[in-house]
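Just below is one structure, and these are the notes that go with it.
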Amino acid sequence: MITHRWSGDQEIPLEQPLGAATDSDGQYYILNVDPGEYSVTATYIGYRPTRKTHIVVYVDKTVYLDIALTPQALQGESVMVVAYRENTV
């Protein structure tokens, strides 16, 4: 997901982030991105988010960006299960 645009040394959040989902091979395409310098964040459940900065987009040029994600254990809340049984004789 493209989340920020760079203006000189300043990173400016986009009003509307641009993004796409990957296919089964991990390929993705984000179309109609204006020329400029951007920050890109990749996320996936069970993996640590990865951020790349200063990605330059040119007019009529495809930008290839490979992003490797690092596995991260999911931590959920504890759940206690309690059951009661009637005493039968």
Side-chain angles (χ1 to χ4, degrees):
M1 177 174 290
I2 299 173
T3 57
H4 293 77
R5 183 180 187 119
W6 287 87
S7 179
D9 289 340
Q10 188 174 15
E11 191 176 29
I12 302 165
L14 295 178
E15 286 184 30
Q16 183 67 32
L18 304 169
T22 65
D23 62 17
S24 59
D25 295 322
Q27 301 288 318
Y28 64 95
Y29 303 93
I30 303 174
L31 303 174
N32 302 317
V33 178
D34 291 333
E37 195 171 348
Y38 295 93
S39 293
V40 177
T41 302
T43 60
Y44 192 73
I45 294 174
Y47 290 84
R48 187 170 312 207
T50 301
R51 189 164 187 263
K52 302 282 186 176
T53 60
H54 300 283
I55 306 303
V56 179
V57 175
Y58 299 99
V59 174
D60 295 329
K61 291 257 185 173
T62 299
V63 176
Y64 296 94
L65 182 61
D66 290 328
I67 301 174
L69 299 179
T70 305
Q72 178 179 10
L74 293 176
Q75 185 173 0
E77 294 181 28
S78 298
V79 176
M80 180 184 293
V81 177
V82 179
Y84 295 97
R85 180 175 79 168
E86 288 184 28
N87 290 334
T88 56
V89 181

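Residue numbers count from 1 along this sequence. Keep in mind that what you see is a predicted model, and the values were worked out from it rather than measured.
Taken together through direct or relayed side-chain contacts under 4.5 Å among Ile, Leu, Val, Met, Phe, Trp and Tyr, Val57 and Trp6 form parts of separate hydrophobic clusters. Connection of Ile55 to Ile2 is established within a shared hydrophobic cluster, with ILVMFWY side chains joined at heavy-atom distances below 4.5 Å, either directly or through further cluster members. Taken together through direct or relayed side-chain contacts under 4.5 Å among Ile, Leu, Val, Met, Phe, Trp and Tyr, Val63 and Val33 form part of one hydrophobic cluster.
To the nearest 0.5 angstrom, Arg51 atom CZ is 5.5 Å from His4 atom NE2. Atoms CE and CG, from Met1 and Leu18 in turn, are 8.5 Å apart once rounded to the nearest 0.5 Å. In this structure, CG in Asp9 is found 7.5 Å from NE2 in His54, a value given to the nearest 0.5 Å.
In this structure, Ser39 and Glu11 have side chains that are in contact, with non-hydrogen atoms separated by less than 4.5 Å. Within the 4.5 Å cutoff, side-chain heavy atoms of Ile67 are placed close to those of Val40.
Considering every non-hydrogen atom in both Leu69 and Arg48, the closest pair reads CD2-O, 3.8 Å. A pairwise comparison of heavy atoms in Ile30 and Ala20 identifies CG1-CB, 4.0 Å as the closest pair. Nearest heavy-atom pair across Asp34 and Arg5 is CB-NH1, 4.1 Å.
Screening residues 24-53 for ring-ring contact (aromatic ring centres under 6.0 Å, His included), with sequence neighbours left out, gives Tyr44-Tyr47.
Proximity of a side-chain donor or acceptor of Asp23 to a complementary backbone N or O of Asp25 within less than 3.5 Å is detected.
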